[in-house]
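Have a look at the structure below before the remarks.
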2 protein chains.
Amino acid sequence: MSNTGRGLHGHVLDTLGPEITAGAYPPGSVLRTDELAQRFEVSRSVMREAVRVLESMHLVESRRRVGVTVRPACDWNVYDPQVIRWRLAGADRPRQLRSLTVLRSAVEPVAAGLAARNATAEQCAELTECALGMVANSRGGQLEGYLFHDVAFHRVILTASGNDMFARLGDVVAEVLAGRTHHDVMFDDPDPAAVTLHVQVAEAVRERDAARAEELTREITVGALQELDILAP
Amino acid sequence: MSNTGRGLHGHVLDTLGPEITAGAYPPGSVLRTDELAQRFEVSRSVMREAVRVLESMHLVESRRRVGVTVRPACDWNVYDPQVIRWRLAGADRPRQLRSLTVLRSAVEPVAAGLAARNATAEQCAELTECALGMVANSRGGQLEGYLFHDVAFHRVILTASGNDMFARLGDVVAEVLAGRTHHDVMFDDPDPAAVTLHVQVAEAVRERDAARAEELTREITVGALQELDILAP
DNA sequence: GTGACGAATAAGTCTGACCTTTGGTTCCGG
DNA sequence: CCGGAACCAAAGGTCAGACTTATTCGTCAC
């Protein structure tokens with residue numbers, strides 16, 4: 001499951017990253033490279049590489065004569081997929097999930113509108129196929145099948161928008177949807193209204209109706225937010 | 001100006017990062033760590049740290065017996081502020097600026113709506129102050145002063161939204177606004193309509209009028225998009 | 001043709017040495 | 001008692017070299 005798993009420094013990150021994002025070390029805490037190297041039983045070279053990566057994520061700052069200081073959460077590169085994964089694995093998972101869903105509610109409607117203008121015929125077909133897949137898996141507790149098509153659907157929308165920045169949020173949406181299905185209490189079958197909305201979005205995009213695609217997608221994300229409100233305070 | 005400038009590995013990144021994001025090496029190209037170390041006249045350790053950072057940005061992938069292979073642009077972590085800066089410095093700057101402005105047009109209105117609900121009294125005051133600063137610098141070619149207050153204004157909005165993900169886009173907006181002022185042809189004085197809109201947004205937030213704040217901000221971002229359309233095809 | 005074996009290769013890892021910066025401490029003089 | 005200059009030690013930064021390991025590619029036998 002660990003994505004970083006490549007090499008020893010990846011193993012270090014898999015442990016240290018989640019610890020930091022979970023707030024195990026208050027901002028300003030200092031970690032010594034040597035001590036970390038001992039703790040993880042790796043050489044300083046490997047430890048240094050790990051620190052460099054954490055530094056590039058703005059999770060820590062390395063200064064001479066001081067050590068590796070943990071930065072406050074407001075400095076973190078929270079759009080780094082790795083950081084997102086670490087934070088979602090941590091304690092304040094609900095809060096994080098909410099932040100991400102709000103982001104979705106801002107981005108996806110606009111992306112859908114753009115997709116209605118820019119989607120290729122092939123992308124329209126994919127979209128329809130995904131929507132149909134969602135319908136087919138919407139009853140009888142086929143959660144995994146539903147999730148698969150749901151993720152694919154939103155990925156296509158974001159990619160078809162033709163915007164680099166939107167397209168790259170596909171992974172984020174995937175994490176959010178997967179989290180909702182796997183961790184949170186999800187009703188045995190998805191909301192039928194949501195399924196219908198997805199089908200209608202696919203229609204709207206196919207018919208190049210940008211305004212309708214945008215509005216329908218807004219309804220989907222509003223629904224997702226309400227679902228969170230029901231589950232979490 | 002180089003943000004990475006810390007240490008030798010930072011210097012390597014300052015050169016190699018822009019090269020890769022500029023597309024100097026086609027996707028799939030292989031770079032050898034040893035050769036790179038020779039080219040930059042650094043030790044392998046330093047070069048390895050630089051590669052690890054590039055790897056964490058998904059710009060390259062390091063595999064045994066193969067080398068460091070450059071990944072296609074669709075894999076890059078385009079939300080990494082460093083990557084954004086590198087791309088904005090490159091040749092397809094206009095295209096990148098447009099992507100970012102579209103992102104702004106999706107996020108900022110929603111953020112403004114949330115800010116109207118969540119902003120503290122202090123944040124409301126800051127907002128008004130920024131808007132007034134923009135007014136004061138809106139005539140007579142005081143572009144730098146205007147830019148300063150403009151950036152501050154949008155930062156406060158994004159922060160006041162209370163959403164982690166939105167707040168972190170402050171840097172992105174800053175880069176976009178700075179780019180518009182410094183590189184692109186900007187009229188000697190900013191659009192008076194835009195200035196007025198900012199003042200009105202500050203008002204709406206102060207009065208807790210979320211819908212109005214959102215709509216007004218939408219007008220601001222639409223204006224920013226149109227401005228891009230005029231300058232670039 | 002196809003599968004297995006072996007050699008070449010480039011990254012991965014470790015070690016130990018030395019350099020550089022910098023925060024703290026001490027000591028002197030005002 | 002306070003302030004600044006000189007000093008020292010701690011921690012990261014850099015380097016060179018040796019060794020390990022995984023992976024690809026070529027070869028050879030079947």
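A quick note: this is a predicted structure, and the numbers were derived from the prediction, not measured.
Rounded to whole Å, atom C1' of D:dT14 lies 17 Å from atom CZ of B:F40. At whole-Å resolution of the value, CD in A:E55 and P in D:dG12 are 12 Å apart. Rounded to whole Å, the distance from CE on A:M47 to P on D:dG13 is 12 Å. Atom CD in A:E35 sits roughly 8 Å away from atom P in D:dA11 (whole-Å rounding). Atom pair A:E49:CD and D:dG12:P shows a separation of 16 Å (rounding to whole Å applied).
Look at B:R52 and B:E49 and you find no salt bridge, because none of the NZ, NE, NH1 or NH2 atoms lies under 4.0 Å from a carboxylate O. With respect to the salt-bridge test (charged N to carboxylate O, under 4.0 angstrom), the residues B:E55 and A:R6 do not qualify.
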What N/O pairs connect the protein and nucleotides 16-18 of chain D at under 3.5 Å? Give each pair on its own line.
unit_1	atom_1	unit_2	atom_2	d
D:dA18	N6	B:R44	NH2	3.0

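Heavy-atom contacts of chain A under 4.0 Å fall on DNA chain C between two terminal nucleotides, which in 5' to 3' order are C:dT13 to C:dG23.
Nearest-nucleotide assignment on DNA chain C puts the 5′-proximal partner with B:R65, out of B:R48 and B:R65.
In this structure, A:Y79 and B:Y79 have parallel ring planes: the angle between them is below the 30° cut-off, well short of the 60° mark.
The residue from A:L31, A:V60, A:V68, A:V12 that alone fulfils the side chain to side chain contact (heavy atoms under 4.5 Å, CB included) condition with A:L54 is A:V60.
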